[in-house]
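Right, one structure below, let's go through it.
These values consider heavy atoms only, across backbone and side chains, with no hydrogens, waters or symmetry-generated copies. In this text the structure is predicted, and so the values were computed from the model without any measurement.
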Amino acid sequence: MELKEVKGFLEQLNQDNIAFDSHFYKRSLERPVNEGMVRCFLSKTNKLYKIEKGKEENRFKLWFKMSSKYSLVAIVEVNAAKVLKVISAWNSDKKWQNKLRQ
């Protein structure tokens, strides 16, 4: 899937077809993200600006622009039944990202 295809999939996605992994709930206790925030950004495809393919064929890392400083990163899995499973999510600080790249 390319960025355009993922955007199309997200635009067609029904909120009932979004599932959250137990790993997401475990990590959300440590991070300033919650299920409602992720659902909101998944429906805002205009905020999606980058996609990376994961280790497995049907996994993707989605980058949503939250503000000029922060991005919401979501690890998702798309299965054959067109259900989107959110594995994990976090928000990132661009200054921190740039330090890691150096």
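Expressed to the nearest 0.5 Å, how far CZ of F24 lies from CG of N34 amounts to 6.5 Å. Taken to the nearest 0.5 Å, the NE2 atom of H23 stands 10.0 Å off from the OG atom of S28. Here N58 contributes atom CG and L84 contributes atom CG; the two are 10.5 Å apart, rounded to the nearest 0.5 Å. The structure places CE of M66 at 8.5 Å from OG of S71, a figure rounded to the nearest 0.5 Å.
Considering all non-hydrogen atoms of both residues, S88 and R31 come closest at OG-NH1, 2.9 Å. When every heavy atom of F20 is checked against every heavy atom of Y25, the shortest pair comes out as CB-OH, 3.4 Å. Shortest non-hydrogen contact noted between N91 and V33 is N-CG1, 4.1 Å.
For the side-chain contact (heavy atoms from CB on, under 4.5 Å) test with V76, the passing option among I51, V86, I87 is V86; the others fail.
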Could you list the donor-acceptor pairs under 3.5 angstrom formed by side chains in residues 37-48, with sequence neighbours left out?
{"from": "R39", "atom 1": "NE", "to": "E35", "atom 2": "OE2", "distance (Å)": "3.0"}
{"from": "R39", "atom 1": "NH1", "to": "Q15", "atom 2": "O", "distance (Å)": "2.8"}
{"from": "R39", "atom 1": "NH1", "to": "Q15", "atom 2": "OE1", "distance (Å)": "3.2"}
{"from": "R39", "atom 1": "NH2", "to": "I18", "atom 2": "O", "distance (Å)": "3.4"}
{"from": "R39", "atom 1": "NH2", "to": "E35", "atom 2": "OE2", "distance (Å)": "3.1"}
{"from": "S43", "atom 1": "OG", "to": "C40", "atom 2": "O", "distance (Å)": "2.7"}
{"from": "T45", "atom 1": "OG1", "to": "E11", "atom 2": "OE2", "distance (Å)": "3.2"}

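Taking 4.5 Å as the limit, every side-chain heavy atom of E52 sits out of range of all side-chain heavy atoms of F60. When side chains are defined from C-beta on, F9 counts as touching L13, because their heavy atoms get closer than 4.5 Å.
Under the rule for a side chain to side chain donor-acceptor pair (under 3.5 Å), the partners of D21 that lie at least two apart in sequence or sit in another chain are K85. With sequence neighbours left out, the salt bridge (Lys or Arg N to Asp or Glu O under 4.0 Å) criterion links R59 to E77.
For E57, the CD atom is loosely surrounded, since the number of other residues' heavy atoms within 6.0 Å does not exceed 12.
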